[in-house]
Amino acid sequence: MLRRLVVQPLDTGRVRLLAALCYELHDSDPTRALRYGEQAVALATTLRDQPGQLHALLNLSSCYANLSDGPHALRLQQQALTLARRLRDTDGIVRAYTGIGGIHHERNDTVNALRNYQWALEKVYSKGVKTRTQLMLFGNLGNLYSYLGRYAQALLYTRRALQLARSTGDKAGESLYLAHLGTHYYQQNRLDLAEGLLREAITLVEPLRSYRIEAGHLEMLAIVLLLKDQLDEAETLTRRALRLARQTASQERLLDGYNLMAEINASRRQYEQAFEWQNRFRDLNDSLNSRSRLQTLAALQTRYETQGKEHQIKLLTQQGELQNLRNQKLWAVVGALVLGLGGVFFLYLKLRQSRAALAANNMALHQATRELREVAASKDRLYAVVAHDLRGPVTSFVGVTELIEFYLRKGDENGLRRLPVLVRQSANSLNSLLDNLLSWAVSQTGELVSQPEWLSVDELFTEIEELYRTTAEAKQIRLTASEVPGLQVWSDLNMTRTILRNLVGNALKFTPSGGHIQLDAATTPDHSVLLTVADSGRGMPAEQLDALLRDSASSPMMVSASNNSRSGTGLGLPLCRAFVERLHGTLTVESTLGQGTVVQIRFPARPAA
């Protein structure tokens, strides 16, 4: 299809190819599909190809819906509905109503979702409505009624979708709706019937090499077998689903597989393995949420760029009209030469003044635009930092509550005794994060004022040891501090606590069990005080350390690497650097991959002049 697109001229055929590419990719790669959809809409508008514009709007709306940009997807569907009514395109009307209902369903607005589906039902059997559109409507209705607990109606529409798939020879659709029926009977606790339908669905999909759909069927069957206490086969099916999910890079299927493996191990009372699988689920869930946010931002950026291009076209049109007006004035000036050199000179001066004023206005406009973009970018980065960092601690709390319910249900007293440590760790992590966010926000406003005083290094180290003793013991990490009696540092108490808390917290996070973290302090020949936090963690390669220090010098950014890397938003290091510089000190980081990391803070030993 891409080869056909390259040679296709700029006509309505190219519009349809672009719209078809958008539809093919809207599920597997919606960010990439956006480009084709936007191009299809723009070209159809230019060519005044209203049927092509209708299909491009419907497909483009599906991309934005998959990227969680519901409001914009809804506006595109409404535009498509208006255009379909104007063209009297019944298939387009039904698709638009179905798409609008789906968007409302995703937003949990079941009242509006059902209303739009019912409007679509009024026309779904009309002449010109395609089978694919009918399948989409019946499948969506089955899902909605199942969500509302209206199982009889859910069963009715799911069976209609299944019959359509069979009548058209759509094996993938037949397999999908057989699995939906199996899920329906599973919800009714009719496990034997659900098992039979799911096994039939798997048999149908296996020759099609649709691994993503097959992985979903396998996981659903494993859930049914888990409830029937057939744990060995449930585990075998789940591991097979995980292999298919990895083969197709289906992160959602991996997420469901990890959760299912945790339940299977828990049913066997293998709690350590269950906890390990639950941790995999939590980490991947965080990653998927981050990626969803990035995809949404990419969608918004594409919209912004498209609107920017349209604005440029409008400006060029206005400039052309302005140029025509200037040409008319020029001819008037030429005619006015007959009236005398004085009049020409006067008009020339006026023209020079107008051009100078226009140039000054353009410069001011460009400056204001640049400043506005910088402010918007800074705000977006701060929102990304808050959203990303808050998810981890909150997810940990959710995991602990699930473990409490799980241990209570199983009567596992030993598991319950371990929970206070997990709760304390999650609370300390959340408290540290909120302190960092608040301190960073205050420091950026310029309202944070340091109040330096003489502080005992021994007391600072003792406080940090007490704060992180439980976390270190839980991870089996040895946390020690050198004794430096009488050594004092001239610094602000709260800022110094925040600096040490962030550095030790990072060291604990990236040091494996059995590792060691050492706090040291010493004076230097120039009468400065040098505080050191050294860990035996996995360290960082030189290129990652350079990127981390470069990013932390300006603003909090997300830093990650694929192998043996530290990950996070990078908020702690910029905050430490900002506080150290405000205290007239310096901060350096040395790290070797596989050998650990050493962070040193140099403070003046006496008040700065």
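When reading the values below, keep in mind they use all heavy atoms of this one structure, side chains included, and skip hydrogens, waters and symmetry mates.
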For this session: Mind checking the OG1-CG spacing from Thr12 to Leu43? Nearest 0.5 Å is all I need.
Result: 9.0 Å
Problem set entry | Trace of the side-chain contact (heavy atoms from CB on, under 4.5 Å) decision for Ile202 with Leu218 | CA-CA 7 Å; Ile202 293 171; Leu218 289 168; 3.7 Å; yes
For this session: Check the pair Glu219, Arg239 against salt bridge (charged side-chain N to carboxylate O under 4.0 Å, His left out), reporting the backbone distance first and the verdict last.
Result: CA-CA 9 Å; Glu219 289 175 348; Arg239 291 187 181 276; over 6 Å; no
Seminar exercise, completed: Residues Ala44 and Gly52: closest non-hydrogen pair is CB-C, 4.1 Å
Problem set entry | Any Leu144 side-chain heavy atom under 4.5 Å of Thr110 side chain | yes
For this session: Tell me yes or no: between the side chains of Arg282 and Asn285, is some donor less than 3.5 Å from an acceptor?
Result: no
Problem set entry | Lys/Arg-Asp/Glu bridge criterion (N-O < 4.0 Å) met for Glu214, Arg209 | no
For this session: Indicate whether the side chain of His217 and that of Ser175 have a donor and an acceptor atom separated by less than 3.5 Å.
Result: yes
Exercise. Just how far is it from atom OH of Tyr117 to atom OH of Tyr145, taken to the nearest 0.5 Å?
Worked result: 10.5 Å
Problem set entry | Donor-acceptor under 3.5 Å (Thr46 side chain, Ala42 main chain) | yes
Problem set entry | Non-hydrogen side-chain atoms of Val94 and Thr98 separated by less than 4.5 Å | yes
Exercise. Can you name the closest pair of heavy atoms from Ala84 and Gly92 and give their distance?
Worked result: CB-C, 3.8 Å
Exercise. Between CE of Met136 and CG of Leu141, what distance do you get to the nearest 0.5 Å?
Worked result: 12.5 Å
For this session: Test side-chain contact (heavy atoms from CB on, under 4.5 Å) on Arg32 and Tyr36 and set out the steps.
Result: CA-CA 7 Å; Arg32 182 182 173 198; Tyr36 298 119; 3.8 Å; yes
Exercise. Between the main-chain N or O of Val129 and the side-chain N or O of Thr133, is there a donor-acceptor pair closer than 3.5 Å?
Worked result: no
Exercise. With side chains defined as the heavy atoms from C-beta onward, is the minimum distance between Leu164 and Thr168 less than 4.5 Å?
Worked result: no
Exercise. Minimum heavy-atom separation for Tyr186 to Ala194, with atom names?
Worked result: N-CB, 3.7 Å
Seminar exercise, completed: Tyr258 meets the ring-ring contact (aromatic ring centres under 6.0 Å, His included) criterion, sequence neighbours left out, with Trp277
Problem set entry | Distance (rounded to the nearest 0.5 Å) between Lys171 NZ and Glu206 CD | 14.0 Å
For this session: Check Ser61 against Ala73 and note the closest heavy-atom contact, atom names and distance.
Result: OG-O, 2.8 Å
For this session: Please tell me if the side chains of Asp283 and Arg280 come closer than 4.5 Å, counting only heavy atoms from C-beta onward.
Result: no
For this session: Kindly say whether Asn259 contributes a backbone atom to a donor-acceptor pair with the side chain of Gln278 at under 3.5 angstrom?
Result: no
Problem set entry | Working for side-chain contact (heavy atoms from CB on, under 4.5 Å), residues His55 and Val15 | CA-CA 9 Å; His55 290 93; Val15 172; over 6 Å; no
For this session: For the residue pair Gln163 and Arg160, confirm or rule out a side-chain donor-acceptor distance under 3.5 Å.
Result: no
For this session: Before accepting this row, confirm whether a basic side-chain N of the pair Asp256/Arg253 lies closer than 4.0 Å to the acidic partner's carboxylate O.
Result: yes
For this session: Quick one: pull up CG in Leu162 and CG in Leu135 and give me the separation to the nearest 0.5 Å.
Result: 9.5 Å
Seminar exercise, completed: Sorted by chain and number, sequence neighbours left out, ring-ring contact (aromatic ring centres under 6.0 Å, His included) with His104 holds for none
Exercise. Taking the side chain as C-beta and beyond, is there a heavy-atom pair between Arg95 and Gln77 under 4.5 Å?
Worked result: no
For this session: Taking all heavy atoms of Ala19 and all of Asn59, pick out the closest pair and write down the distance.
Result: O-ND2, 3.0 Å
Exercise. Which heavy atom in Ala154 sits nearest to a heavy atom in Ser146, and how many Å separate them?
Worked result: CB-N, 3.5 Å
Exercise. Between Arg132 and Asp170, is there a side-chain N and carboxylate O pair less than 4.0 Å apart?
Worked result: no
Exercise. Mind checking whether Leu121 and Phe138 have side chains closer than 4.5 Å, heavy atoms only?
Worked result: yes
Exercise. Atom CD of Gln39 and atom CG of Leu34: how far apart are they, to the nearest 0.5 Å?
Worked result: 11.0 Å
Exercise. Hey, does Leu156 have a side-chain heavy atom less than 4.5 Å from the side chain of Arg150?
Worked result: no
Exercise. How far apart are the C-alpha atoms of Asn140 and Asn143, what are their side-chain angles, what is the distance that settles it, and do they pass the side chain to side chain donor-acceptor pair (under 3.5 Å) test?
Worked result: CA-CA 5 Å; Asn140 285 8; Asn143 288 336; 4.8 Å; no
Problem set entry | Worked verdict on Ile103 versus Glu106 for side-chain contact (heavy atoms from CB on, under 4.5 Å) | CA-CA 5 Å; Ile103 295 169; Glu106 287 294 329; 5.7 Å; no
Problem set entry | More than 12 heavy atoms of other groups within 6.0 Å of Gln188 CD | yes
Problem set entry | Pair His105 + Tyr147: ring centers closer than 6.0 Å | yes
Exercise. How would you list all residue pairs meeting salt bridge (Lys or Arg N to Asp or Glu O under 4.0 Å) that involve residues 54-63, not counting sequence neighbours?
Worked result: none
Exercise. So, the side chain of Thr158 versus the backbone of Leu155: is there a donor-acceptor pair under 3.5 Å, distance only?
Worked result: no
Exercise. Tell me, do Gln50 and Leu54 make a side-chain contact under 4.5 Å, heavy atoms counted?
Worked result: no
For this session: Tell me yes or no: between the side chains of Arg159 and Tyr157, is some donor less than 3.5 Å from an acceptor?
Result: no
For this session: Taking Asp91 for its side chain and Lys130 for its backbone only, find out whether a donor-acceptor pair lies under 3.5 Å.
Result: yes
